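Fair warning: this is a prediction, and the values are worked out from it, not measured in the lab.
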Amino acid sequence: MKTLRWIVLMLFLIGLVLAIAHALMPAFALSEAAAYLVAAALAGAVVLLAVIVLSLRWRAWIWRQGGTDVQWLWFSEDPPGLPTVRQTRQQRAEQRRHSS
């Protein structure tokens, strides 16, 4: 349902920009302006999606390397459950070393 709202909002904004552009430049074809706006919206969506994916991969890599969330640096201790996770990881790593 939220996705539908975003799509309707984007279509409304595109229509609003088209109306303003046509009022400012009547010689500019509406179809050409619409094509540019849709292309710009799609390019923006692709860039946003790429930033989100890369950000999540970066954070997952930091977590796998033993790091914590940067926001937790404001607090004096680790997030709840993190010491247990680190301990189980250390135990698994030791088991792998002994088994190989």
Side-chain angles (χ1 to χ4, degrees):
M1 191 66 163
K2 281 189 174 186
T3 305
L4 180 61
R5 289 180 189 170
W6 280 105
I7 291 172
V8 170
L9 176 66
M10 289 302 296
L11 290 175
F12 173 76
L13 290 176
I14 288 173
L16 183 64
V17 169
L18 282 175
I20 292 170
H22 186 64
L24 293 175
M25 299 176 288
F28 198 59
L30 283 177
S31 59
E32 189 177 354
Y36 284 130
L37 281 171
V38 169
L42 288 175
V46 167
V47 168
L48 181 64
L49 183 64
V51 167
I52 290 171
V53 168
L54 291 174
S55 172
L56 291 175
R57 287 188 176 260
W58 173 250
R59 291 178 185 183
W61 181 82
I62 289 173
W63 175 253
R64 284 192 305 269
Q65 302 305 316
T68 56
D69 189 5
V70 177
Q71 294 175 353
W72 279 99
L73 294 176
W74 290 99
F75 301 105
S76 61
E77 58 185 29
D78 285 334
L82 184 61
T84 307
V85 170
R86 285 185 177 158
Q87 184 180 10
T88 55
R89 284 186 179 181
Q90 287 176 351
Q91 289 173 354
R92 287 181 187 167
E94 289 175 9
Q95 289 174 356
R96 287 182 194 147
R97 285 186 211 130
H98 293 296
S99 65
S100 56

- In Å, rounded to the nearest 0.5 Å, how long is the span from NZ of Lys2 to CD1 of Ile7? 14.5 Å

- Query: Under the ring pair (Phe, Tyr, Trp, His ring centres under 6.0 Å) rule, what pairs show up with a residue in residues 7-60, not counting sequence neighbours?
  - Reply: Trp58-Trp61

- Are the side chain of Ser55 and the backbone N or O of Val51 linked by a donor-acceptor pair below 3.5 Å? no

- So how far is it from Arg96 CZ to Arg92 CZ, rounded to the nearest 0.5 Å? 7.0 Å

- Is the closest side-chain heavy-atom distance between Val46 and Leu42 below 4.5 Å? no

- Kindly give the cluster partners of Ile52, where membership spreads through any ILVMFWY side chain lying under 4.5 Å from a current member. Leu48, Leu56

- Pairing residues for Leu9 by the side chain to side chain contact (heavy atoms under 4.5 Å, CB included) criterion, not counting sequence neighbours: Trp6, Leu13

- Atom of Ala34, atom of Leu18 and distance for their closest heavy-atom approach: N-CD2, 3.4 Å

- Supply the members, apart from Leu4, of the Ile/Leu/Val/Met/Phe/Trp/Tyr cluster built from side-chain contacts under 4.5 Å; use none for a lone residue. Val8

- By side chain to side chain contact (heavy atoms under 4.5 Å, CB included), Ala29 pairs with (sequence neighbours left out) Ser31, Glu32

- Note on the structure: Taken in chain and number order and not counting sequence neighbours, the residues that satisfy side chain to side chain contact (heavy atoms under 4.5 Å, CB included) with Val17 are Leu37

- When rounded to the nearest 0.5 angstrom, what is the spacing between CZ in Arg59 and CG in Leu54? 12.0 Å

